[in-house]
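The structure appears right after this line, and notes come after that.
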Amino acid sequence: MGLRNHGIADSFTRTGINDDENNMYSFELCRKYQEAINRGNLEQALTLFADEATVNAPLTGQSSARKFHEWLLGTTKETITRLKHVFQSLDSSGALAMQLHYTWVLSNGKTLEFEGVMIFEFTADRMSICKLTIIYDTEPIRTHVSQSALAAIR
């Protein structure tokens, strides 16, 4: 059976999946974020977030966007993210997920590489990020990030 027989094809149009302009701007926000993180530019990254935006990450839990990024950029000498895949939500929220390969060079010189996903949620006007959820396996990372660095964000 084709998509139309299941009603799925019609839902793409109704939910805004074909809203190319908004989806493209949301994707551009995500790419600008990725570029800011790769440059280690805290202020550039923060301009992409709404004032009350939150970040939820495995090592740090939920925190403000500013607190999380100060922690990240203070814990790492360099962060490199390489985009592998992009996923678009099926509802009208316009949320995007980016599957990434991460390379972190920690302050102590140790280099860590791992895979993860960032899920971006946007303000109603899609002009800024209101929530970022980061998902990755912490096992290979926990032993290399100091407990004091983790405690600093909590």
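Owing to the predicted nature of the structure, the values given are computational and were not obtained by experimental measurement.
The CD1 atom of Ile37 sits 8.0 Å away from atom CG of Leu42, with the distance rounded to the nearest 0.5 Å. Interatomic distance, CE of Met118 versus CD1 of Ile129, reported as 9.5 Å (0.5 Å rounding). Here the SG atom belonging to Cys130 is positioned 10.0 Å from the CZ atom belonging to Phe49, to the nearest 0.5 angstrom. Atom CE of Met127 and atom OH of Tyr25 lie 4.0 Å apart (nearest 0.5 Å). The distance from the OG1 atom of Thr111 to the NZ atom of Lys77 is 8.5 Å, given to the nearest 0.5 Å. Atom CD of Glu28 is separated from atom CG of Leu96 by 11.0 Å, given to the nearest 0.5 angstrom.
At least one side-chain heavy atom of Tyr136 sits less than 4.5 Å from a side-chain heavy atom of Leu59. At a threshold of 4.5 Å between non-hydrogen side-chain atoms, the residues Leu100 and Leu83 count as touching. Val55 places none of its side-chain heavy atoms less than 4.5 Å from the side chain of Leu72. Looking only at side-chain heavy atoms (C-beta outward), Arg82 and Thr103 come within less than 4.5 Å of each other. Taking 4.5 Å as the limit, every side-chain heavy atom of Trp104 sits out of range of all side-chain heavy atoms of Thr75.
When hydrophobic residues (I, L, V, M, F, W, Y) are linked wherever their side-chain heavy atoms come within less than 4.5 Å, the members clustered with Val117 are Ile119, Ile135. Taking a 4.5 Å side-chain heavy-atom cut-off between Ile, Leu, Val, Met, Phe, Trp and Tyr, the cluster of Phe87 contains only that residue.
For Asn38, the side chain to side chain donor-acceptor pair (under 3.5 Å) test picks out Thr81, with sequence neighbours left out. Partners of Glu70 by side chain to side chain donor-acceptor pair (under 3.5 Å), not counting sequence neighbours, listed by chain and number: Arg66. Judged as a side chain to side chain contact (heavy atoms under 4.5 Å, CB included), and not counting sequence neighbours, the contacts of Asp137 are Glu139, Pro140. Residues meeting the ring-ring contact (aromatic ring centres under 6.0 Å, His included) test with Phe122, sequence neighbours left out: none. Judged as a side chain to side chain contact (heavy atoms under 4.5 Å, CB included), and not counting sequence neighbours, the contacts of Arg39 are Glu35, Asn41, Gln44. Applying the side chain to side chain donor-acceptor pair (under 3.5 Å) test to Thr138 and every residue at least two apart in sequence or in another chain returns Arg142. Taking Thr79 as the reference, Thr76 meet the side chain to side chain donor-acceptor pair (under 3.5 Å) condition, with sequence neighbours excluded. Here Ala57 pairs with Thr60, Phe68, Ile134 under the side chain to side chain contact (heavy atoms under 4.5 Å, CB included) rule; sequence neighbours left out.
Residues in residues 92-102 take part in no salt bridge (charged side-chain N to carboxylate O under 4.0 Å, His left out) pair, two or more places apart or across chains. For the salt bridge (charged side-chain N to carboxylate O under 4.0 Å, His left out) condition, the pairs that include at least one residue of residues 102-116, sequence neighbours left out, are Lys84-Glu115.
Taking each heavy atom of Gln88 and Ala95 in turn, the nearest pair found is NE2-O, 3.5 Å. The shortest non-hydrogen separation linking Ser89 to Gly94 is OG-N, 3.5 Å. Arg126 and Ser26 get closest at one heavy-atom pair: CD-OG, 3.5 Å.
Note on Leu29: it clusters hydrophobically with Phe27, by side-chain heavy-atom contacts below 4.5 Å among ILVMFWY residues.
Using modelled atom types, one side-chain atom of Ser107 and one backbone atom of Gly74 make a donor-acceptor pair closer than 3.5 Å.
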